[in-house]
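Everything below concerns the one structure shown next.
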Amino acid sequence: MPDQEEPGDRRAADDAQRRRRRAQFLRELNEARALRERVQPRRARAARMRQAMRMRTFRW
């Protein structure tokens with residue numbers, strides 16, 4: 001029957017929808033971080049410095 005979807009088609013559609021939602025979330029997250037950085041530059045700079053220190057002291 002033409003109106004029934006194959007299981008693979010359904011999964012591909014779900015994956016595409018999940019990727020779209022994830023991309024939207026990441027865009028909003030980056031926008032929120034940029035806004036926070038503009039609103040609180042000193043705190044944001046301190047957070048960047050702490051993150052950089054964590055990355056420098058991380059051991060593989």
Side-chain angles (χ1 to χ4, degrees):
M1 292 189 176
D3 58 344
Q4 288 183 344
E5 294 180 1
E6 294 289 323
D9 295 342
R10 172 70 183 224
R11 190 152 117 194
D14 288 347
D15 287 349
Q17 186 178 14
R18 184 182 62 80
R19 282 194 300 272
R20 269 194 305 276
R21 284 197 315 264
R22 184 174 187 272
Q24 176 70 25
F25 170 76
L26 291 175
R27 275 194 301 272
E28 290 174 359
L29 182 63
N30 285 335
E31 186 179 326
R33 283 183 177 153
L35 177 62
R36 186 184 321 143
E37 202 164 310
R38 282 195 305 273
V39 172
Q40 300 175 331
R42 189 178 356 183
R43 191 175 293 176
R45 181 174 184 268
R48 276 196 314 274
M49 297 301 256
R50 281 193 301 273
Q51 176 66 12
M53 183 61 71
R54 278 197 301 268
M55 295 306 286
R56 279 197 300 271
T57 59
F58 182 79
R59 294 188 183 260
W60 294 98

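These values consider heavy atoms only, across backbone and side chains, with no hydrogens, waters or symmetry-generated copies. The shown structure was predicted, so the numbers you read here are calculated from the model rather than taken from an experiment.
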List in chain and number order the residues that pass side-chain contact (heavy atoms from CB on, under 4.5 Å) with [X], two or more places apart in sequence or in another chain; answer none if no residue qualifies.
X	value
Glu31	none
Arg45	Arg48, Met49
Arg50	Ala46, Ala47, Arg54
Ala32	none

Side-chain heavy atoms under 4.5 Å apart, restricted to Ile/Leu/Val/Met/Phe/Trp/Tyr: what other residues fall into the cluster of Met53, or is it alone? none
CA sep, side-chain torsions, deciding dist, call: Arg18, Arg21, side chain to side chain contact (heavy atoms under 4.5 Å, CB included): CA-CA 5 Å; Arg18 184 182 62 80; Arg21 284 197 315 264; 4.2 Å; yes
Asp14/Arg10 salt bridge by N-O under 4.0 Å criterion: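 Yes, Arg10 and Asp14 are salt-bridged.
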All side-chain hydrogen bond (donor to acceptor under 3.5 Å, both in side chains) counterparts of Arg56, not counting sequence neighbours: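 Per chain and number, Arg56 pairs via side-chain hydrogen bond (donor to acceptor under 3.5 Å, both in side chains) with no residue.
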Mind checking what makes side-chain hydrogen bond (donor to acceptor under 3.5 Å, both in side chains) contact with Arg27, not counting sequence neighbours?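 Result, side-chain hydrogen bond (donor to acceptor under 3.5 Å, both in side chains) vs Arg27: Gln24.
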Kindly indicate whether the side chain of Arg22, heavy atoms from C-beta on, has any atom under 4.5 Å from the side chain of Arg19.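 Heavy-atom side-chain distance check fails, nothing below 4.5 Å.
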Considering residues at least two apart in sequence or located in another chain, which fulfil the salt bridge (charged side-chain N to carboxylate O under 4.0 Å, His left out) criterion with Asp15?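 If we apply the salt bridge (charged side-chain N to carboxylate O under 4.0 Å, His left out) test to Asp15, skipping adjacent residues, there are no hits.
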About how many Å separate CZ of Arg33 and CZ of Arg36, when rounded to the nearest 0.5 Å? 7.0 Å
